[in-house]
Amino acid sequence: MVKLAHWTVLWSAIALAACHTAPHNKPELPLQKIYHAPAQIFDFDLSSNVLRGAVELKQSCNAMGTSLDIIDQQKQQVRIDTFNLHQNASLHLTTDSDLKTINEQLIALYQQKYQATATSSKLLKTSQGDAMFTRLTHDQQHLDIAIQSRYGYAYVITLNSPLVQDTQTAEQLLQTLLKSLYTPSSQSKGLDTSTTHCA
């Protein structure tokens, strides 16, 4: 069984600088349960059937991008990280970097931060485009990761679920979460594009 307390401690290790606490920087939760990330980087549908019951949100951001932590009533932890590939001196990546190169560098970052080893990694074609799926393992605990590159940003979804042990189920859940992630190219879906902004 995944030791949630241990992963919760590690979860904070990769946290980006906190957003200012001005009212307009708090996560937005309109009636349709759409979370709007700062600077219109992405929208996320919180009614995803991966999430169980009410959710708790924590938002953070810095010059590299934004992060959103989600914890549901079943203690599943979902995190969405974005990495700005435009002139980002912290990463040896550009907007022209291919997905495998982006995956290699970001997974190395997550391995270091979580002190974990990549035990599987594969490229899958999804309805949202190509995505890399990787499982990190530390002391018999698993963290499953999906990475996509869209329009100058790398989008990373991590899933730590006490309900999931096998990689096939984890990949299916990550694909479902990717369907709930709307990037600027998919704003035609009728979402409210008003957003919060990092100061």
Side-chain angles (χ1 to χ4, degrees), residues 2 4 7-8 10-16 27 33-38 41-52 55-61 64-72 74-85 91 93 99-100 102-111 113-114 116 118 120-137 141-164 166-186 191:
V2 176
L4 286 173
W7 276 113
T8 299
L10 291 177
W11 207 257
S12 62
I14 200 170
L16 301 176
K33 298 180 69 174
I34 301 294
Y35 165 82
H36 302 292
I41 295 174
F42 68 88
D43 292 341
F44 185 77
D45 186 353
L46 295 167
S47 64
S48 170
N49 60 19
V50 174
L51 303 174
R52 310 291 178 84
V55 296
E56 298 179 7
L57 303 181
K58 181 179 179 181
Q59 170 184 282
S60 55
C61 59
M64 291 177 64
T66 71
S67 293
L68 174 68
D69 287 303
I70 307 169
I71 301 178
D72 69 11
Q74 296 295 317
K75 303 303 181 185
Q76 295 188 111
Q77 297 175 327
V78 174
R79 181 179 174 94
I80 303 170
D81 291 318
T82 66
F83 294 87
N84 188 345
L85 301 179
L91 299 172
L93 297 169
L99 182 57
K100 288 187 177 181
I102 292 171
N103 185 74
E104 288 174 0
Q105 292 209 26
L106 293 184
I107 288 300
L109 173 64
Y110 282 77
Q111 285 179 297
K113 294 297 183 181
Y114 290 115
S120 66
S121 186
K122 66 174 69 171
L123 174 67
L124 293 179
K125 294 187 179 297
T126 74
S127 58
Q128 287 70 46
D130 291 350
M132 292 294 302
F133 292 85
T134 303
R135 167 163 282 193
L136 298 186
T137 301
Q141 301 165 62
H142 306 300
L143 188 68
D144 294 288
I145 303 175
I147 296 178
Q148 284 194 318
S149 176
R150 305 180 189 177
Y151 302 94
Y153 282 85
Y155 293 87
V156 183
I157 298 182
T158 58
L159 172 66
N160 173 35
S161 173
L163 310 178
V164 178
D166 63 289
T167 55
Q168 183 176 1
T169 300
E171 289 170 4
Q172 292 172 349
L173 293 179
L174 284 169
Q175 289 190 59
T176 300
L177 290 168
L178 284 171
K179 291 179 181 179
S180 296
L181 180 69
Y182 302 105
T183 56
S185 65
S186 57
L191 297 176

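Any value given below was found using the heavy atoms of this structure, including those in side chains, with hydrogens, waters and symmetry copies removed. The residues of the chain are indexed from 1 along the displayed sequence.
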*With a 4.5 Å limit on heavy-atom distance, are the side chains of Tyr153 and Tyr155 in contact?*
yes
*Spatial distance of atom OG (Ser180) from atom OH (Tyr182) [nearest 0.5 Å]*: 6.0 Å
_Cationic N near anionic O, under 4.0 Å, Lys122 to Glu171_ = yes
_Full working for side chain to side chain contact (heavy atoms under 4.5 Å, CB included) between Thr137 and Tyr114_ = CA-CA 9 Å; Thr137 301; Tyr114 290 115; over 6 Å; no
_Given Asp81, Ile145, Leu91, the one that forms side-chain contact (heavy atoms from CB on, under 4.5 Å) with Leu106_ = Leu91
*What is the distance from atom OG of Ser47 to atom CD1 of Ile34, rounded to the nearest 0.5 Å?*
6.0 Å
*Residue among Leu68, Thr66, Val156 satisfying side-chain contact (heavy atoms from CB on, under 4.5 Å) with Thr82*: Thr66
*asked:* So which atom in Lys75 and which in Pro162 form the shortest heavy-atom distance, rounded to 0.1 Å?
replied: O-CD, 3.6 Å
*Do Lys179 and Leu181 come close enough that some side-chain heavy atom pair is under 4.5 Å?*
no
_Keeping Gln74 on the side-chain end and Leu163 on the backbone end, is there a donor-acceptor pair under 3.5 Å?_
no
*Contacts of type side chain to side chain contact (heavy atoms under 4.5 Å, CB included), residue Thr169, not counting sequence neighbours*: Val164, Asp166, Leu173
*Look up atom CD in Gln172 and atom CG in Leu124, then write down how far apart they are to the nearest 0.5 Å.*
10.5 Å
*Is any side-chain heavy atom of Leu178 closer than 4.5 Å to a side-chain heavy atom of Ile157?*
yes
*From Ser48 OG over to Ile70 CD1, what is the distance, rounded to the nearest 0.5 angstrom?*
8.5 Å
*Determine yes or no for a side-chain-to-main-chain donor-acceptor pair under 3.5 angstrom, with Gln76 supplying the side chain and Leu51 the backbone.*
no
*Are side-chain heavy atoms of Leu177 and Val78 found at a separation under 4.5 Å?*
yes
_Can you confirm whether Leu109 sits close enough to Phe83 that some side-chain heavy atom of one is under 4.5 Å from a side-chain heavy atom of the other?_
yes
*side chain to side chain contact (heavy atoms under 4.5 Å, CB included) evaluation trace for Ser67 with Ile80*: CA-CA 5 Å; Ser67 293; Ile80 303 170; over 6 Å; no
*Taking C-beta and beyond as the side chain, do Leu174 and Phe133 meet within less than 4.5 Å on heavy atoms?*
yes
_Are Tyr110 and Thr158 packed together at the side-chain level, in the sense that at least one heavy-atom pair is separated by less than 4.5 angstrom?_
yes
*Arg52 with Asp72: basic N within carboxylate O range, under 4.0 Å*: no
*Of all heavy-atom pairs between Thr126 and Gln175, which one has the smallest distance, and what is that distance?*
CG2-OE1, 3.7 Å
*Measure the acute angle between the ring planes of Phe42 and Tyr35, then classify it against the limits of 30° and 60° as parallel, tilted or perpendicular.*
tilted
*asked:* I need the single residue from Lys58, Arg79, Gln77, Gln59 that forms a side-chain hydrogen bond (donor to acceptor under 3.5 Å, both in side chains) with Asp69. Which is it?
replied: Arg79
*asked:* Determine whether Leu99 and Met132 satisfy the following criterion, side chain to side chain contact (heavy atoms under 4.5 Å, CB included), listing intermediate values before the conclusion.
replied: CA-CA 8 Å; Leu99 182 57; Met132 292 294 302; 3.7 Å; yes
_Considering all heavy atoms, the nearest Ala154-Ile102 contact_ = CB-CG2, 3.9 Å
*Under 3.5 Å, is there a donor-acceptor pair between the side chain of Gln105 and the main chain of Leu93?*
no
*Does anything in residues 151-164 pair up under salt bridge (Lys or Arg N to Asp or Glu O under 4.0 Å), and if so which pairs, sequence neighbours excluded?*
none
*Mind checking what makes side chain to side chain contact (heavy atoms under 4.5 Å, CB included) contact with Thr134, not counting sequence neighbours?*
Asn103, Ile107, Ala118, Ser121, Leu136
*With the side chain counted from C-beta on, respond yes when Phe44 and His36 share a heavy-atom pair under 4.5 Å apart, and no when they do not.*
no
